[in-house]
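Just below is one structure, and these are the notes that go with it.
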Amino acid sequence: MKSRYDVLIVGGGMVGSSLACALGGSGLSVAVLERSLPPAFSVDQPHDLRVSALSIASERFLRNIGAWDGIQNRRSCPYRRMKVWESDSRRAATEFDATAIGYDHLGHIAENRVIQLALLDRLRDFDNIDLITPAKTTRIDYSPGATLVELESGEQLVGRLVVAADGGDSLVRQAAGIGVTQWDYDQHALVAGVTTAYPQQDITWQQFTPTGPLAFLPLSGNNASIVWYNTPNEVKRLKALPDEVFMQQLHQTFPEELGHLTELQGRGSFPLRRQHAQSYALEGLALAGDAAHMIHPLAGQGVNIGLLDAAALAEVLLKAHAEGHLLADLHVLKQYEHQRRQHNLLMMQVMDSFYRVFSNDIGPLKLLRNAGLGLAGRLPPARNQVMAFAMGLKGSLPTLAQ
């Protein structure tokens, strides 16, 4: 292991590891610092609670960096349709079907751990990448072009470019003095893994309610992930219920589309927060993923925009390296920020709009919402445009995600 690297990535989660894989074989010296490795995967294990909906653009990126087979060889679930409604799932709903635009699926639902394990396996294939774990960061001295990162072990590493991929409470971002704008939503997300009477389904759906959406995500086999958005106090109450009572509450609250649940595999919750860094780049430093932005998860776009960050940053760095430019140069890193910041801000604002429009029970507005959902379901051109954007098929995309 060296002590100096061209690129030092703090955080080996999905975003940090995918960035490293994209830089694999480039001739750049890269280190990935990961606090701890995820547990090994076994097909016999129950599905994890934390899952992500990977878009077509994310799938393409993961294919292009050689990690997709590692996901497929473990487990994931493709889905072809997505349905959204509020009061009436038949007459006032919008259903998106991939076949309408010539695709056989909209995306895949995969466990976060499965995605991370596939990426970590892939980055080990590259001689120019060092995976350093366990690596608890204790001190970061930001200095343009020569940032020092000290680990709990006492090791000190210096990166010409340091990438913050260490989450919403990023120590790297704080050490560099980059501020954030943020606020907490008055919602928590309760996530439960369940076994369903239905076999594997090809649809994900979401029903809007005044206290937050009720969502269903299909997993492999007779398994599913359900997400129950509600107030912090109500989520706390639901988590404290005995399993049998909690299952009764699920059947009483969720729509008939859920079907009968035969087993509760586990449940957990997390608070919802919107957060956006005031800058994505300083000289010798770049932010990616949750270190740069946190978004309401109701449309499942958080991991997708994080992976697009990684694809865009890798593209900028590889181009700069090929042309003989310094990776730490602010002009180089601002190209990455220019590509990603406005796209991410737009996605955050769209999610905010959904949250605010549907998080109330005002009569006239409720009628308009339902009329709008029903109308959208009967307007194929508009529906297909929304679907293509969510799949990552529209807009300016990094080459690695095309």
Side-chain angles (χ1 to χ4, degrees), residues 1 5-23 30-38 50 52 112-113 115-117 119-120 123 129-144 146-182 270-271 273-295 297 302-314 317 327-328 333 336-337 340-341 344:
M1 186 178 72
Y5 292 88
D6 294 319
V7 183
L8 196 56
I9 302 170
V10 182
M14 293 181 285
V15 173
S17 293
S18 63
L19 172 61
C21 290
L23 299 176
V30 180
V32 179
L33 309 183
E34 172 57 12
R35 188 183 184 102
S36 61
L37 291 178
R50 298 304 296 267
S52 293
N112 291 1
R113 177 169 60 110
I115 301 169
Q116 185 185 11
L117 285 169
L119 286 163
L120 292 173
L123 68 81
I129 301 175
D130 289 337
L131 173 61
I132 303 171
T133 183
K136 181 180 180 181
T137 301
T138 56
R139 183 167 67 97
I140 301 170
D141 288 338
Y142 165 67
S143 179
T147 294
L148 182 144
V149 177
E150 184 173 310
L151 307 181
E152 189 176 50
S153 64
E155 295 171 274
Q156 294 185 339
L157 306 173
V158 175
R160 292 184 175 88
L161 169 64
V162 172
V163 178
D166 53 343
D169 297 320
S170 170
L171 295 177
V172 178
R173 187 190 65 231
Q174 295 173 37
I178 299 177
V180 298
T181 55
Q182 68 175 49
F270 55 92
R273 176 175 52 168
R274 168 176 166 158
Q275 181 172 289
H276 206 197
Q278 294 169 0
S279 174
Y280 284 17
L282 297 177
E283 186 177 352
L285 186 139
L287 310 182
D290 283 357
H293 46 74
M294 297 181 72
I295 185 173
V303 67
N304 293 308
I305 62 176
L307 290 173
L308 289 180
D309 288 349
L313 181 54
L317 296 179
L327 302 187
L333 298 175
Y336 156 68
E337 180 173 47
R340 296 302 305 150
R341 186 175 175 82
N344 293 340

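All values reported here derive from a predicted model rather than from experimental measurement.
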- Step by step, would you call Ile178 with Leu282 a side-chain contact (heavy atoms from CB on, under 4.5 Å)? CA-CA 9 Å; Ile178 299 177; Leu282 297 177; 3.8 Å; yes
- Give, for atom CG of Leu157 and atom CG of Leu148, the distance between the pair rounded to the nearest 0.5 Å. 8.0 Å
- Message: One pair to check against side-chain contact (heavy atoms from CB on, under 4.5 Å): Leu151 and Leu33. What are the steps and the verdict?
- Response: CA-CA 9 Å; Leu151 307 181; Leu33 309 183; 4.1 Å; yes
- Query: Nearest heavy-atom pair of Ala292 and Leu287: which atoms, and what distance?
  - Reply: CB-CB, 3.9 Å
- Message: Please check this pair: side chain of Thr137 against backbone of Arg139, looking for a donor-acceptor N/O pair closer than 3.5 Å.
- Response: no
- Message: Between Ser17 (side chain only) and Leu120 (backbone N and O only), is there a donor and an acceptor less than 3.5 Å apart?
- Response: no
- Query: What are the two closest non-hydrogen atoms of Asp169 and Gln174, and how far apart are they?
  - Reply: O-NE2, 3.1 Å
- Message: Just verifying a value: how many Å separate Asp290 CG and Asp166 CG, rounded to the nearest 0.5 Å?
- Response: 10.0 Å
- Query: Going through the checks in order, is the side-chain contact (heavy atoms from CB on, under 4.5 Å) test met by His293 and Ile305?
  - Reply: CA-CA 9 Å; His293 46 74; Ile305 62 176; 3.5 Å; yes
- How many angstroms lie between CG in Leu327 and CG in Asp6, if you round to the nearest 0.5 Å? 6.0 Å
- Message: I'd like to know if the side chain of Glu152 and the backbone of Thr138 have a donor-acceptor N/O pair within less than 3.5 Å.
- Response: no
- Message: Between the side chains of Arg341 and Asp309, is the shortest nitrogen-to-carboxylate-oxygen separation below 4.0 Å, so that they form an ion pair?
- Response: no
- Query: With a 4.5 Å limit on heavy-atom distance, are the side chains of Asn304 and Leu308 in contact?
  - Reply: no
- Message: Go through it in stages, so that I can follow the logic: the residues are Val30 and Tyr5, the test is side-chain contact (heavy atoms from CB on, under 4.5 Å), and I'd like the CA-CA distance, side-chain angles, deciding distance and then a yes or no.
- Response: CA-CA 6 Å; Val30 180; Tyr5 292 88; 5.7 Å; no
- Exactly one candidate in Val10, Val149, Ile140 meets side-chain contact (heavy atoms from CB on, under 4.5 Å) with Leu171; the answer is Ile140
- Message: Keeping Ser52 on the side-chain end and Asn112 on the backbone end, is there a donor-acceptor pair under 3.5 Å?
- Response: no
- Message: I need the minimum non-hydrogen distance between Ile295 and Gly302, along with the two atoms involved.
- Response: CG2-CA, 3.5 Å
- Task: Could you tell me which non-hydrogen atom of Ile129 sits nearest to which non-hydrogen atom of Ala20, and how far apart they are?
- Result: CD1-O, 3.1 Å
- Note on the structure: One should read off an interatomic distance between Tyr142 OH and Glu283 CD, to the nearest 0.5 angstrom, of 6.0 Å
- Message: To the nearest 0.5 Å, what is the distance between CG on Leu119 and SG on Cys21?
- Response: 5.0 Å
- So with a 6.0 Å cut-off around CZ of Arg35, is the heavy-atom count from everything else above 12? no
- Is the shortest heavy-atom distance from the side chain of Val7 to the side chain of Arg160 under 4.5 Å? no
- Message: List the residues meeting side chain to side chain donor-acceptor pair (under 3.5 Å) with Ser153, not counting sequence neighbours, and say none if there are none.
- Response: Glu155
- Query: Of the non-hydrogen atoms in Ser170 and Ala291, which two are nearest, and what is the gap between them?
  - Reply: CB-CB, 3.8 Å
- Note on the structure: Value for CZ (Arg340) from CG (Leu313), rounded to nearest 0.5 Å, stands at 10.5 Å
- Message: Could you report the tightest heavy-atom contact between Val32 and Gly12, atom names first, then the distance?
- Response: CG1-CA, 3.6 Å
- Is it the case that Arg50 places NZ or CZ above or below the six-membered ring of Phe270, under 6.0 angstrom from the centre and within 45 degrees of the axis? yes
